[in-house]
Every structure is written in structure tokens, then in C-alpha cells.
Amino acid sequence: CAVIYKGVKYFFHGLIFDKEKNEYSYVIDVWDNNGNYDKTVFNKTAPTLEKCLELAQNEPIFDGKTFWEAEADMEWVEW
């Protein structure tokens, strides 16, 4: 899924489980106005789904704000 926050499009790759490493990862990328990949702004792993989600929600990714601090101003554009 993706959101627009302050004119920037963030694409959430979601929680991905790596069976070989026995860990979860979560990646959030920024896309430019032409729909092209620009950069990765969040890429973390954790031993549990809950911990990985907690990391993604509490990192100040969105112009210095966490997901929950910025969520009210996000426009959900892709599911």
C-alpha cells in the first residue's frame, strides 16, 4: 500500500518473513512524482512480527514524525 504525506509518496512493502533467517523485515520506500523508486527510508528486521511492526510505527520516517503522529495527514492512495 502507499500514502502521500506532505507531497511525498511512501510505499509500504509490509511485513515479510524470511524462513532461512527466521526473522521479519519491513521496508518503506519513497517514490518520485513520475512513479519511480527514489530511495528507501526504512529497512529493519526483527525476530518477531510484533517487534518489526513496532519499529516501523515508532521510527520518525515521515518528515520527523512517526507513523501515528503523521497518520491523520496521510492520504491513502494504493492498497
Side-chain angles (χ1 to χ4, degrees):
C1 59
V3 300
I4 303 281
Y5 179 72
K6 292 190 172 184
V8 178
K9 186 175 186 178
Y10 295 85
F11 183 80
F12 300 82
H13 292 274
L15 291 162
I16 300 167
F17 183 67
D18 185 325
K19 289 181 183 180
E20 290 181 12
K21 294 181 180 179
N22 197 34
E23 66 184 13
Y24 289 86
S25 65
Y26 202 102
V27 177
I28 302 173
D29 293 332
V30 168
W31 291 71
D32 68 19
N33 292 332
N34 295 316
N36 298 309
Y37 169 84
D38 182 26
K39 62 184 174 183
T40 298
V41 293
F42 182 83
N43 185 357
K44 301 260 175 128
T45 60
T48 66
L49 179 141
E50 293 82 8
K51 182 63 178 172
C52 199
L53 190 55
E54 179 185 327
L55 290 170
Q57 292 174 342
N58 293 309
E59 188 83 12
I61 302 163
F62 306 95
D63 195 33
K65 294 184 178 182
T66 68
F67 176 84
W68 294 117
E69 292 169 336
E71 192 264 340
D73 297 318
M74 291 178 179
E75 175 189 357
W76 292 89
V77 294
E78 291 182 26
W79 295 95

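FYI, side chains are in, hydrogens and waters are out, and symmetry mates aren't considered; it's all heavy atoms of this structure.
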Novice: Can you tell me which residue pairs pass the side chain to side chain donor-acceptor pair (under 3.5 Å) test with a partner in residues 16-28, sequence neighbours excluded?
Specialist: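 Output for this query is empty, none listed.
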Novice: Quick check: do Asn58 and Glu54 have side-chain heavy atoms less than 4.5 Å from each other?
Specialist: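 The answer is yes, as the side chains (C-beta and beyond) meet within the 4.5 Å cut-off.
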Novice: Is there a donor-acceptor contact under 3.5 Å linking the side chains of Asp29 and Thr40?
Specialist: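 Asp29 vs Thr40: donor-acceptor pair found between side chains.
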Novice: As an exercise, state the distance from CG of Asp63 to CG of Asp73, rounded to the nearest 0.5 Å.
Specialist: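 It comes to 10.5 Å.
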Novice: Which pair of non-hydrogen atoms, one from Glu69 and one from Gly64, has the smallest distance, and what is that distance?
Specialist: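 Heavy atoms of Glu69 and Gly64 come nearest at OE1-O, 4.4 Å.
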Novice: So Tyr5 and Tyr10, would you call those rings parallel, tilted or perpendicular, with 30° and 60° as cut-offs?
Specialist: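 Plane angle between 30° and 60°, so tilted.
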Novice: Compare all side-chain heavy atoms of Ile61 with those of Ile28 and state whether any distance is below 4.5 angstrom.
Specialist: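 When only atoms from C-beta onward are counted, Ile28 and Ile61 do touch, with a gap below 4.5 Å.
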Novice: Using modelled atom types only, decide if a donor and an acceptor are shared between the side chain of Asn34 and the backbone of Asn36 within a distance under 3.5 Å.
Specialist: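 No, because the side chain of Asn34 does not come within donor-acceptor range (under 3.5 Å) of the backbone of Asn36.
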Novice: Going from CE on Met74 to NZ on Lys6, what distance comes out if it is rounded to the nearest 0.5 angstrom?
Specialist: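 Rounded to the nearest 0.5 Å, the CE-NZ separation comes out at 11.0 Å.
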Novice: List the residues meeting ring pair (Phe, Tyr, Trp, His ring centres under 6.0 Å) with Phe67, not counting sequence neighbours, and say none if there are none.
Specialist: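 Ring pair (Phe, Tyr, Trp, His ring centres under 6.0 Å) check on Phe67 returns nothing, list empty.
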Novice: Which distance, rounded to the nearest 0.5 Å, do you find between the CG of Leu15 and the OG1 of Thr48?
Specialist: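 Between atom CG of Leu15 and atom OG1 of Thr48 there are 9.5 Å.
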Novice: Are Leu53 and Val3 linked, directly or through intermediate hydrophobic residues, by side-chain heavy-atom contacts shorter than 4.5 Å (ILVMFWY only)?
Specialist: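 Same hydrophobic cluster.
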Novice: Ring pair (Phe, Tyr, Trp, His ring centres under 6.0 Å) with Phe42: which residues, sequence neighbours excluded?
Specialist: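 Here no residue qualifies.
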Novice: Between Tyr37 and Phe11, is there shared hydrophobic-cluster membership here, with clusters defined by ILVMFWY side-chain heavy atoms closer than 4.5 Å?
Specialist: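 Yes, same cluster.
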Novice: Look at the side-chain heavy atoms of Ile, Leu, Val, Met, Phe, Trp and Tyr, link any pair under 4.5 Å apart, and say whether Val41 and Val8 land in one connected group.
Specialist: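 Val41 clusters together with Val8.
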Novice: What heavy-atom pair brings Ala46 and Cys52 nearest, and what distance separates the two atoms?
Specialist: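 So the two residues come closest at CB-N, 3.5 Å.
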Novice: Tell me, do Lys9 and Val30 make a side-chain contact under 4.5 Å, heavy atoms counted?
Specialist: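 The answer is no; the side chains never approach within 4.5 Å.
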Novice: Among the clusters formed by ILVMFWY side chains lying less than 4.5 Å apart, do Leu49 and Phe12 turn up in the same one?
Specialist: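 Linked, Leu49 and Phe12 end up in one cluster.
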